[in-house]
Novice: 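My structure is below; once you've seen it, I'll send some questions.
Treat the numbers as computed from the prediction; the structure is a model and nothing was measured.
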Amino acid sequence: QVQLVESGGGLVQPGGSLTLSCAASGTGFRVYAMGWYRQAPGKQRDLVATILAGGRVDYADSVKGRFTISRDDAKNTVFLQMSSLKPEDTAVYYCNGVFQSDVYTFRTYWGQGTQVTVSS
């Protein structure tokens, strides 16, 4: 099984920047995809960005041009670089990963979440 641990959340002023990290640990699996989701108060959990094993990345329209997702293979860690932050970005950010153990088995894991608050 795999464990995901997020870090890097905090309080940021509008227009500021912040980088989130998610470290994955485990054995017997390969990464199929990893990504970030967020959930604001009173709203559903929405996709923010994803990165596939081959390096392809995708972003929600609301964060395109402002957020960048990347991964460090040596450290088995995925990052979310956020800039030009807006109050609307305030949410709990969750790391997500899909891991493959064989041809037929895919499992999804979630981190516990890290709070990002954008306010003056």
Side-chain angles (χ1 to χ4, degrees):
Q1 60 181 9
V2 179
Q3 183 178 21
L4 302 177
V5 180
E6 304 109 324
S7 63
L11 176 63
V12 188
Q13 295 184 3
S17 300
L18 196 66
T19 298
L20 306 181
S21 300
C22 175
S25 61
T27 59
F29 299 89
R30 78 176 192 90
V31 178
Y32 177 75
M34 296 190 73
W36 291 92
Y37 287 70
R38 67 185 181 185
Q39 186 169 20
K43 298 183 179 180
Q44 67 179 24
R45 187 174 300 184
D46 295 322
L47 175 67
V48 176
T50 59
I51 182 168
L52 304 184
R56 176 180 173 179
V57 298
D58 289 289
Y59 300 93
D61 289 339
S62 59
V63 306
K64 286 182 178 178
R66 300 189 299 119
F67 290 12
T68 300
I69 188 171
S70 61
R71 200 172 93 89
D72 184 333
D73 291 337
K75 298 293 184 181
N76 203 23
T77 301
V78 65
F79 304 93
L80 184 67
Q81 296 175 278
M82 305 181 292
S83 62
S84 300
L85 285 164
K86 308 173 181 179
E88 306 93 272
D89 296 318
T90 296
V92 176
Y93 285 70
Y94 296 91
C95 178
N96 167 269
V98 179
F99 297 83
Q100 183 179 17
S101 57
D102 57 51
V103 175
Y104 306 103
T105 305
F106 294 82
R107 294 184 181 276
T108 300
Y109 297 87
W110 291 90
Q112 294 185 356
T114 183
Q115 176 71 47
V116 173
T117 302
V118 184
S119 176
S120 59

Novice: Do V31 and F99 come close enough that some side-chain heavy atom pair is under 4.5 Å?
Specialist: yes

Novice: I'd like to know if D61 pairs up with K64 as an ion pair, taking the criterion as any Lys NZ or Arg NE/NH1/NH2 lying under 4.0 Å from an Asp or Glu carboxylate oxygen.
Specialist: yes

Novice: Distance under 6.0 Å and angle within 45° of the ring axis: does R107 meet both against F29?
Specialist: no

Novice: State whether the side chain of Q13 and the backbone N or O of S120 hold a donor-acceptor pair below 3.5 Å, judged by distance alone.
Specialist: no

Novice: State whether the side chain of T90 and the backbone N or O of V118 hold a donor-acceptor pair below 3.5 Å, judged by distance alone.
Specialist: yes

Novice: Looking at Q112, is its backbone amide N or carbonyl O close enough to the side chain of E6 to form a donor-acceptor pair, meaning the two atoms are under 3.5 Å apart?
Specialist: yes

Novice: Determine, using the 4.5 Å side-chain heavy-atom cutoff (strictly less than), whether V63 and V78 are members of one ILVMFWY cluster.
Specialist: yes

Novice: With sequence neighbours left out, what residues match D46 under salt bridge (charged side-chain N to carboxylate O under 4.0 Å, His left out)?
Specialist: none

Novice: Among Q81, K86, M82, whose side-chain contact (heavy atoms from CB on, under 4.5 Å) with R66 holds?
Specialist: K86

Novice: May I ask you to test the W110-C95 pair for a side-chain heavy-atom distance under 4.5 Å?
Specialist: no

Novice: Where is the tightest heavy-atom contact between F67 and Y59, given as atom of each residue plus distance?
Specialist: O-CE2, 3.3 Å

Novice: Same cluster or not: F79 versus L85, using hydrophobic residues (I, L, V, M, F, W, Y) connected whenever any side-chain heavy atoms lie under 4.5 Å apart?
Specialist: no

Novice: Indicate yes or no: at least one non-hydrogen side-chain atom of Y94 is less than 4.5 angstrom from one of L4.
Specialist: no

Novice: Out of curiosity, D89 CG to R38 CZ, how far, rounded to the nearest 0.5 Å?
Specialist: 4.5 Å

Novice: Just by distance, do the side chain of N76 and the backbone of A24 share a donor-acceptor pair under 3.5 Å?
Specialist: yes

Novice: For the atom pair CE (M34) and OG1 (T108), what is the distance rounded to the nearest 0.5 Å?
Specialist: 11.5 Å

Novice: With rounding to the nearest 0.5 Å, note down the distance linking OG in S62 to CG in L47.
Specialist: 9.5 Å

Novice: For Q39, look at atom CD and say whether over 12 heavy atoms of other residues, nucleotides or ligands are found less than 6.0 Å away.
Specialist: yes

Novice: State, to 0.1 Å, how close W36 and S21 come at their nearest heavy-atom pair, and which atoms those are.
Specialist: CH2-O, 3.7 Å

Novice: At their closest point, which heavy atom of S17 faces which heavy atom of S84, and how far apart are they?
Specialist: OG-N, 4.5 Å

Novice: So for atom CD, which belongs to Q1, do other residues, nucleotides or ligands contribute more than 12 heavy atoms lying within a distance under 6.0 Å?
Specialist: no

Novice: Working note: L11 + S119, criterion side chain to side chain contact (heavy atoms under 4.5 Å, CB included); need CA distance, chi angles, decisive distance, verdict.
Specialist: CA-CA 7 Å; L11 176 63; S119 176; 4.3 Å; yes

Novice: Say you draw a straight line from CG of D58 to CD1 of I69; how long is it, rounded to the nearest 0.5 Å?
Specialist: 9.5 Å

Novice: Check each of L80, V92, L20 against V116 using the side-chain contact (heavy atoms from CB on, under 4.5 Å) test, and report the only one that passes.
Specialist: L20

Novice: So does F106 have more than 12 non-hydrogen atoms from other groups sitting under 6.0 Å from CZ?
Specialist: yes

Novice: Same cluster or not: V57 versus V48, using hydrophobic residues (I, L, V, M, F, W, Y) connected whenever any side-chain heavy atoms lie under 4.5 Å apart?
Specialist: yes

